[in-house]
Amino acid sequence: MKRLLHVFVVMIVLSVTLRAAIRNNQSKDDNPSEKAKQLWEMAIAAKGGRERLKAVQSIAITQTFSGRGPTTELCVFPDKYWVWEDRMPTKLGLAAEVRNFQQNVGYFVVGHLPNDPKKSELKPGARWPITECQLINLLETNWFKPQLLTSYRGNLGSNAVDIVEIKVDQFRTGVFLDSKTHLPVRIGYFLRDTGDRIFKSYGLSDYREVKGILVPHSISYNGGRSIPLKIEINVDYDPAIFERAPRIADGAEQWRAKR
């Protein structure tokens with residue numbers, strides 16, 4: 001009960017902080033759509049340029065959480081997703097999932113039931129991890145280009161930011177750009193089409209170049225601790241992993257191409 005109360009308090013503080021960040025020194029542009037376009041183009045250039053971004057066919061992301069094993073996601077654009085999660089020693093333990101939208105088939109398997117994978121048809125909303133993967137790491141790809149809405153100035157702590165609001169599926173989303181580097185430092189999803197309350201956010205930092213593209217190597221969830229990332233772009237993967245259920249015994253690296 002105390003833990004739930006603590007999480008609730010953290011979420012309230014985060015929401016108030018982000019709302020203050022948006023409102024502080026906020027000034028709407030006279031022509032927001034044009035200014036939003038300019039800021040977005042600066043962000044794309046800072047990432048490495050649209051040509052490099054459109055050359056990305058796949059991305060593998062490994063997160064290392066304190067006290068447990070890695071979580072690895074493989075996104076093959078535009079329609080395949082594979083994930084392995086090590087949540088030991090929690091009750092879930094090991095878990096892995098496949099989403100293949102070419103075949104409209106998904107598989108989910110957990111470590112304590114390795115021979116009983118759950119197979120299901122995929123719903124449209126199940127594509128969200130592929131969409132979010134492109135937004136957080138690349139901003140744009142050949143298959144993903146968000147609708148630009150508006151832009152304005154704000155602060156995150158003592159740092160000035162330019163906030164570009166975009167539409168991602170049904171969500172109005174704020175991309176907080178560092179005013180000097182023009183790289184995203186936070187991405188937040190607004191609770192409604194109007195208003196500035198954010199219900200989920202990602203903090204992005206430690207940008208490093210991978211194949212000519214600057215990508216974050218540290219992420220935080222809803223104002224929590226930063227989690228280190230390993231990012232691989234245009235990886236060699238085994239296509240067979242999208243044709244069957246994941247195999248718990250094969251571990252987190254089973255997606256890699258066999259050599």
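Only heavy atoms go into these numbers, but all of them, side chains included; no hydrogens, no water, no symmetry mates.
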One should read off an interatomic distance between I231 CD1 and E209 CD, to the nearest 0.5 angstrom, of 14.0 Å

Take the angle between the ring planes of F171 and F199 and call it parallel below 30°, perpendicular above 60°, tilted in between. tilted

- Message: Donor-acceptor check, side chain of N234 to backbone of A55, threshold 3.5 angstrom: yes or no?
- Response: yes

When every non-hydrogen atom of S179 is compared with those of R153, the smallest separation belongs to CB-NH1, 3.5 Å

key: P114 side chain reached by R247 side chain, heavy atoms, under 4.5 Å   = no

Distance col, row D86:CG vs T71:OG1, nearest 0.5 angstrom, shows 7.5 Å

Using side-chain heavy atoms (C-beta onward) and a distance below 4.5 Å, is V185 in contact with L177? no

query = Are the charged groups of D116 and K118 less than 4.0 angstrom apart, N to O?
reply = yes

Can you tell whether the side chains of E232 and R256 come within less than 4.0 Å, N to carboxylate O? yes

Original post:
Do E140 and W40 have a side chain donor and acceptor closer than 3.5 Å?
Top reply: yes

Test item: F144 and L138 side chains (from C-beta on) under 4.5 Å apart, heavy atoms: no

To the nearest 0.5 Å, atom CG of D238 lies from atom CD of Q254 at 9.0 Å

We want to know whether E97 and Y81 form a side-chain donor-acceptor pair, criterion being a heavy-atom distance below 3.5 angstrom.
no

Would you check if the side chain of K230 reaches a backbone N or O of T72 as a donor-acceptor pair within less than 3.5 Å?
-> no

Can any side-chain N or O of T150 pair as donor or acceptor with the backbone N or O of E165 at less than 3.5 Å?
no

Open item on the list: Under a 3.5 Å distance rule, please check whether Y207 uses its side chain to pair with a backbone N or O of P184 as donor and acceptor.
Closed with: yes

Residues 124-136, side-chain donor-acceptor partners within the protein, below 3.5 Å, at least two apart:
residue : atom : partner : partner atom : Å
R127    : NH1  : P78     : O            : 3.0
E132    : OE1  : Y202    : OH           : 3.0
E132    : OE2  : Y189    : OH           : 2.7
E132    : OE2  : Y202    : OH           : 3.0
Q134    : OE1  : T141    : OG1          : 2.4
Q134    : NE2  : I130    : O            : 3.1

